[in-house]
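Here is the structure we will look at.
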Amino acid sequence: MPDEDALRRIPSVAFLLETDDVKSLLARYPRAVVVDAIRKRLAALRLEAAAPGGAGARSREEWASALLARLSADIAAAEDLPLRPVINATGIVIHTNLGRAPLAEEAIRAVSATAGRYVNLEYDLAAGGRSSRLAIVEEAILALTGAEAAHVVNNNAAAVLLCLAGLARGRDVIVSRGELVEIGGSFRIPDIMAESGALLVEVGTTNRTRIEDYERAAGPRTALLLKVHRSNFSMSGFTEDVPAADLAALGARLGVPVMEDLGSGALFDFQAAGIPGTPTVRQALATGPGIVTVSGDKLLGGPQAGIIAGRKEIVSPLKKHPLSRALRMDKLCLAALAATLRLYADERRAVARVPVLRMMTEPENRVRARAKRLVRMAARAAAATPAPGGGGGLILAVERGFSSPGGGAMPDVEIPTACVSVSHPAVRVEEFEERLRKGIPPVVARVAKGKLLLDMRTVADGELRGLAAALVGAAAGRP
Ligand SMILES: *Cc1c(COP(=O)(O)O)cnc(C)c1O
């Protein structure tokens, strides 16, 4: 027989929610997560209490402390996903190591609504037969870029590989020596060219390439003139480049297609918004290359994808190329891309809803207001954290700084921002940085000139509570 008295002494969820330990957990985790963990732990304790020779004689306080001792670890284990959300306080908007573009709510909803269900991916519901999986994004890409045709594959590296293999296998592709770039993660133009079976013909020098260089190298074996966006570096000094328009004119004269790998090509006009460096896909196509390729998860702000857009007679055959099947896009990314593109139908809506656009264009004073909010929230959280340890010693100040687009988007662009500098009299900067990185939630900060900085441009409003709790936790030496 269970000991009824013992069961009655087990604390209630409401009682536990009023304890300081649980309140501090509530500052870090969603309420539902905490309540769920309490319920599971209580169920285990009831079994313990009911067991013969169990701990039936415990007082309510003893039960509470037994439960609270394990609760934090329970929640950490439940939250310990293989791929964990982190707070990006680096100010690098497109951070490849941190997963590049966070998706818009609309894209997330599109993914979660379809991920666990069968979907009309390649099925025409009206006709009752097979259809193309890309139909739902193609029309939007044409409308947004002015292209005649579009194709989408797994990422931009795949897009470049497919274009080279499809347009130039066994034939020459002419590229400037100044554009034989390496993009992080082993994407190198000469290597991808070799894998595609196209033959690289380098022209010009590292710093200067002229239109005559392309002209001299062109011949009957030439299949393509390729221009590659210098995504992650810039050259200055004694340099010369062939504008895309001139290359397009040469291609037209020679009857050879021209391709531009834009890398981080945008659908939003950043230049008009005062951020130079990247043309829109529409602007790029208007200068004349027959075909451009862009990433889906860089400045576009969508899921991983490689978009090929341009003239119909160049793009359409690529869709039937055997590599298209090997490089094809998955349905979850497709759902997210379609939802992201839909937001672009109204530019103001895109800026408000696509996180990359919002972060890139947010005025400095708004970022500063968020920085001040973090300082206030952290001070409150520190005051509410009981000694020993507590949040004591944490010194926070708001200062100016510069964010960067990242992701090989605009190498020279610096966006004025507001940072929260973090210091502690008893903890070295490197130690504090490590504590934040290993904390809950993990926070990736920036260390510059011996200072620990949290750039608030890449921190969302919804992350402030977690970030404040993480700061107080790190100051107290807790995860
Ligand atoms: C980023 C980039 C790529 C690779 O794109 P992924 O989508 O990462 O595969 C290729 N070319 C340029 C110029 C880039 O900037």
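Below, all heavy atoms of this structure are taken into account, side chains as well, without hydrogens, waters or symmetry copies. Counting from 1, the numbers follow the sequence of the chain as shown. Start at 1 and go down the list; that is how both ligands and their atoms are numbered.
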Sub-4.5 Å side-chain heavy-atom contact between D461 and R373: yes
Close N or O approach (H229, ligand 1; < 3.5 Å): no
Under 3.5 Å, side-chain donor or acceptor atoms of residues 242-250 against the rest of the protein: list the pairs with distances, not counting sequence neighbours.
none

Numbering as shown, the atoms of ligand 1 that approach F187 to under 4.0 Å (heavy-atom distance): 10 (C), 11 (N)
Stacked cation flag R208 on F238, 6.0 angstrom / 45 deg: yes
Ligand 1 versus I183: contacting region, heavy-atom distance under 4.0 Å: side chain
Short N-O contact, R253 and E215, less than 4.0 angstrom: yes
With sequence neighbours excluded, residues passing ring-ring contact (aromatic ring centres under 6.0 Å, His included) with F270: F268
Region of E179 that comes within reach of ligand 1 [heavy atoms, distance under 4.0 Å]: neither
Pair Q283, D269: side-chain N/O donor-acceptor within cut-off below 3.5 Å: yes
Ligand-residue contact atoms, ligand 1 with R100, heavy atoms, under 4.0 Å: 6 (P), 7 (O), 8 (O)
Enumerated ligand 1 atoms positioned under 4.0 Å from heavy atoms of A157: 4 (C), 5 (O), 6 (P), 9 (O)
D297 N/O under 3.5 Å from ligand 1 N/O: no
contact_flag K298 ligand 1 heavy-atom lt 4.0 Å: yes
